[in-house]
Amino acid sequence: MHRLVVRLIMVAFSVVTVIANGEENLKFPKDFKWGVATCEYQNSGSTKCPDSNWAHWEQQEGAIKTGEISGESTCHYDNEQRTIQQIKALGCNTYRFSVEWSLIEPIQGEYNEEVIDHYSDFVDELLANGIEPMITLHHFSHPQWFEELGAFEKTENNKFLVLFAKKMFNRLSDRVKLWVTINEPGVYAAQGYYWADFPPGKKLINRQVFKPTATVVKNLMMAHASMYGTMKRELNGRECQIGLVHQFLKFMSANILTQPFTTHLTYVYHKGIFEFLKSGEFKFGYRFGLGKEEMKIKKAKEMMDFIGINYYTMPLVKAEMKMNFENTTCDEEAGEYMTDMPFRAYPQGLGEVIRECHEELGLPIYITENGAPDREDKFRGRWIRDHLKQVSDAIADGCDVRGFYYWTLNDNWEWDRGYSQKFGLYEYDFETHRPTLREGSREYVRIIRESK
Ligand code: BGC
């Protein structure tokens, strides 16, 4: 009760202290967290992380559309000070990054304490610079030994991730207050099993199509619940917030013919998971509804302290497609445009999913990823403004959004698309290893500055 009163007073206070921002009249609470998000593997690559499932996957003929390998990427692991200075130059006060499991436990059961010390020192440095860390424990990459055991195809493997989570949590939770268990279970499962674009690239297990996707999603949700429970038990009076990051990827139809396909895809990426978070009942259908993976555990509210929204687009599908967005389009008459990937810019979708989360889950919200690939820096500024306007409006309507993390700091390894996509606020020169702030990114700097 006492806590509730304190929270209400805090909310009232922050509403009173909102500051008008520029012509768009963006308003954010004083204590709003401004951030950028990255992933270690995408920024340190196979050179630094040779024991990752991705380092193995990349070597296979045809696995990466551009034929590249990740190599050194932006040398993130060995450039903590540069990263910190970049974050500060943006005016951000929080940083979401992942601790790379394959570096920490390259051999099953053997932890590399030096790597753990490295992350611990990095956390100290961030805090000393006024930057609050948010740690992701699993961001698509994991040790190859875990992959070879069958990763999330088998429920009994979840315990390995739970042990890793416990180890890192015990070491860092005295200083790190924001934790993400798993990044985008729906994308991990769909890309790895439904489309087979990500490791392990298996469409079939025991000659079953689609069932592997359902099984993997189910195991990921169980892994999340176990991680949450274990970490909470280790709190010892510390106050940490633990959440799940989900990509709210909803597909829309450009014509009636694609309707069944978009409904199905939305279910695979998003709805099957969201329904479970709402109700605690997991019923993931496959084989045209004849088969189902089922379980009942806990509702979102009982197994997460916040929901992390990753939002990029709501693709407008004009023909059935592979997951390369080539058969998607946008409504130019309505002022929409396509990003380089190419996916459709649809900022109002962000407002929609924030409201949905607020109403259906009733949890605090962080926008844990939002950004666009824009090689020529044609629309980055507009993208930033339009999406933050949606966040600002949702907050004004009472949604409890506490922070926003732009994806991403530097141009980096975009998984199966190699280095072809330029998501960075900073353009990264992979020869000289020099980052340069893009013009369009100055919108983010301005909005942050005017909101403080
Ligand atoms: C992932 C990132 C990825 C980004 C842009 C998200 O699905 O979490 O790792 O780089 O989207 O495609």
Side-chain angles (χ1 to χ4, degrees), residues 35-45 49 52-54 57-58 64-66 68 70 73-74 76 95-101 134-142 180-192 194-195 197-199 217 220 224 243-251 265 268-270 273 307-315 322-326 328 338-346 349-350 353 366-375 380 383 387 404-426 428:
V36 271
T38 65
C39 154
E40 187 75 274
Y41 189 83
Q42 289 179 270
N43 284 278
S44 293
C49 317
S52 154
N53 56 330
W54 267 92
W57 173 254
E58 274 173 44
I64 307 302
K65 298 185 173 71
T66 56
E68 294 162 294
S70 60
S73 190
T74 68
H76 177 268
Y95 183 44
R96 174 178 174 230
F97 62 100
S98 62
V99 287
E100 176 58 39
W101 184 12
M134 175 188 270
I135 285 186
T136 308
L137 288 160
H138 187 278
H139 194 134
F140 298 166
S141 168
H142 49 234
V180 171
T181 53
I182 297 173
N183 180 68
E184 299 186 349
V187 173
Y188 172 90
Q191 298 308 119
Y194 191 93
W195 298 115
D197 280 340
F198 280 18
V217 173
L220 282 161
H224 161 78
L244 177 79
V245 163
H246 175 56
Q247 182 167 164
F248 287 72
L249 187 52
K250 300 187 196 180
F251 296 80
L265 270 193
V268 172
Y269 277 93
H270 163 65
I273 291 175
I307 177 81
I309 296 179
N310 284 3
Y311 176 82
Y312 290 88
T313 184
M314 288 189 184
K322 272 261 310 153
M323 200 37 222
N324 56 13
F325 295 121
E326 264 166 22
T328 66
M338 298 298 272
T339 69
D340 298 350
M341 205 170 241
F343 58 74
R344 165 205 202 193
Y346 192 68
L350 177 57
V353 299
Y366 287 93
I367 310 304
T368 35
E369 283 180 35
N370 174 257
D374 180 14
R375 178 182 288 272
R380 190 170 274 101
W383 172 286
H387 287 81
F404 179 92
Y405 294 80
Y406 192 84
W407 183 271
T408 184
L409 187 61
N410 292 312
D411 295 334
N412 66 12
W413 177 250
E414 182 50 35
W415 306 114
D416 58 324
R417 292 166 203 263
Y419 285 109
S420 62
Q421 302 299 317
K422 307 298 180 189
F423 276 92
L425 288 170
Y426 288 83
Y428 195 82

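Counting starts at 1 for both ligands and their atoms, following the listed order.
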Novice: Just to verify, which of T408, N410, T74 counts as forming a side chain to side chain donor-acceptor pair (under 3.5 Å) with N43?
Specialist: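 One option only clears the test, and that one is T74.
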Novice: What I want to check is whether the side chains of T38 and Y95 have a donor and an acceptor closer together than 3.5 Å.
Specialist: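 A donor-acceptor contact under 3.5 Å links the two side chains.
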Novice: Among all the protein's non-hydrogen atoms, which is closest to atom 4 (C) of ligand 1, and how far away is it?
Specialist: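 Sorting protein heavy atoms by distance from atom 4 (C) of ligand 1 puts Y312 OH, 3.3 Å first.
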Novice: Does the side chain of S44 reach to within under 4.5 Å of the side chain of E100, using non-hydrogen atoms?
Specialist: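 No, side chains not in contact.
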Novice: State whether a side-chain donor-acceptor pair under 3.5 Å links Q247 with N310.
Specialist: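 The answer is no; no qualifying pair exists.
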Novice: Any atoms of ligand 1 less than 4.0 Å from a non-hydrogen atom of E414? List them with their elements.
Specialist: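 So the atoms of ligand 1 that pass are 3 (C), 5 (C), 10 (O), 12 (O).
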Novice: We want to know whether S141 and S52 form a side-chain donor-acceptor pair, criterion being a heavy-atom distance below 3.5 angstrom.
Specialist: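 Yes - a donor-acceptor pair under 3.5 Å links their side chains.
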Novice: When you measure from atom 7 (O) of ligand 1 to every protein heavy atom, which one gives the shortest distance, and what is it?
Specialist: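 Protein heavy atom at minimum distance: E184 OE1, 2.6 Å.
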Novice: With backbone taken as N, CA, C and O and side chain as the heavy atoms from C-beta onward, which portion of E369 lies under 4.0 Å from ligand 1: side chain, backbone, both, or neither?
Specialist: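 Within the 4.0 Å criterion, E369 contacts ligand 1 through side-chain atoms alone.
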Novice: Below 4.0 angstrom from a heavy atom of Q247, which ligand 1 atoms are there? Numbered from 1 as shown, please.
Specialist: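 Close to Q247: 7 (O).
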Novice: Check each atom of ligand 1 against the heavy atoms of N183 and keep those under 4.0 Å away; list them by number with element.
Specialist: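 Atoms satisfying the 4.0 Å criterion: 8 (O).
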Novice: Has H139 got any heavy atom lying under 4.0 angstrom from an atom of ligand 1?
Specialist: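 So H139 counts as touching ligand 1.
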Novice: Which of these passes ring pair (Phe, Tyr, Trp, His ring centres under 6.0 Å) with Y188: H224, H138, H139, H246?
Specialist: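 Per the ring pair (Phe, Tyr, Trp, His ring centres under 6.0 Å) rule, the option paired with Y188 is H138, out of H224, H138, H139, H246.
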